[in-house]
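To start, the structure itself, in structure tokens.
The structure presented is a predicted model; accordingly, all values stated were derived computationally and were not measured.
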Amino acid sequence: MSVVKINVLTVPAEQREVLERRFGARAGVVESSDGFEWFELLRPVEGTDKYLVYTRWRDEESFTAWMEGPMKAAHQGQGQGQGQGGPGQGQGGGEGGDRPRPAASDSTLWSFEVVQQAGPKPA
């Protein structure tokens with residue numbers, strides 16, 4: 001079954017709009033990756049400053065290939081989405097150059113295997 005990666009990003013209130021804008025600018029980048037199944041950016045509603053970046057992949061190898069290829073290139077300024085990590089690393093934004101400062105002050109990657117899943121029943 002699939003694997004799920006949840007990147008937990010600590011985002012100060014003044015950086016929320018920046019983070020969401022950066023993810024919006026990257027729309028379509030991860031979707032073409034082999035083995036990619038789903039993406040969601042979850043905004044906190046109350047009681048936390050943590051955004052969740054949810055991605056689901058066919059297998060661990062698909063996620064690793066994306067991390068070592070397109071995601072890494074984007075974070076080194078070679079592709080779209082500079083300055084804010086996607087479903088795996090979180091921040092990006094190195095020192096020097098034109099690179100924007102990261103919107104997140106911290107990130108943690110959680111990994112899960114899908115054990116059970118359900119969808120809506122057909123009408």
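Looking at Leu109 and Lys5, their side chains come closer than 4.5 Å, going by heavy atoms from C-beta outward. Counting heavy atoms from C-beta on, the side chains of Leu19 and Gln15 never come closer than 4.5 Å. At a threshold of 4.5 Å between non-hydrogen side-chain atoms, the residues Phe23 and Val29 do not count as touching.
Atoms CZ and CZ, on Arg26 and Arg21 in that order, are 15.0 Å from each other to the nearest 0.5 Å. Taken to the nearest 0.5 Å, the CG atom of Asp106 stands 9.5 Å off from the CG atom of Asp49. Atoms NZ and CD1, on Lys50 and Ile6 in that order, are 14.0 Å from each other to the nearest 0.5 Å. Considering CG of Leu52 and CH2 of Trp110, their distance stands at 6.0 Å, rounded to 0.5 Å. Within the model, atoms CE of Met1 and CZ of Arg58 stand 15.0 Å from one another, a figure rounded to the nearest 0.5 Å. One finds the CG atom of Leu9 at 8.0 Å from the CG atom of Leu41 (value rounded to the nearest 0.5 Å).
Under a 3.5 Å cut-off, the side chain of Thr64 and the backbone N or O of Glu60 do form a donor-acceptor pair. Remark: side-chain polar atoms of Glu61 are not paired, donor with acceptor, to backbone N or O of Asp59 under 3.5 angstrom.
Here the shortest heavy-atom pairing between Arg22 and Arg101 reads NH1-O, 2.8 Å. Between Pro12 and Ala103, the shortest heavy-atom contact is CD-O, 3.6 Å. Pro44 and Arg16 make their closest contact through CG-NH2, 3.1 Å (heavy atoms, listed as atom of the first residue, atom of the second, distance). Nearest heavy-atom pair across Phe39 and Thr55 is CD1-CG2, 3.9 Å. Taking all atoms of both residues into account, the shortest heavy-atom contact from Ser2 to Glu37 is OG-OE1, 2.5 Å. Nearest heavy-atom pair, Asp34 versus Ser62, reported as atom, atom and distance to 0.1 Å: O-CB, 3.5 Å.
Within 6.0 Å of CD on Glu14 lie more than 12 heavy atoms contributed by other residues, nucleotides or ligands.
Note: Phe63 and Trp66 have tilted aromatic rings, judged against thresholds of 30 and 60 degrees for the angle between ring planes.
Proximity of the aromatic rings of Trp38 and Tyr54 is defined here by a centroid distance below 6.0 angstrom, and this criterion is not met.
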Test salt bridge (Lys or Arg N to Asp or Glu O under 4.0 Å) applied to Glu20 and Arg43, step by step: CA-CA 9 Å; Glu20 292 178 21; Arg43 176 193 302 140; 2.7 Å; yes

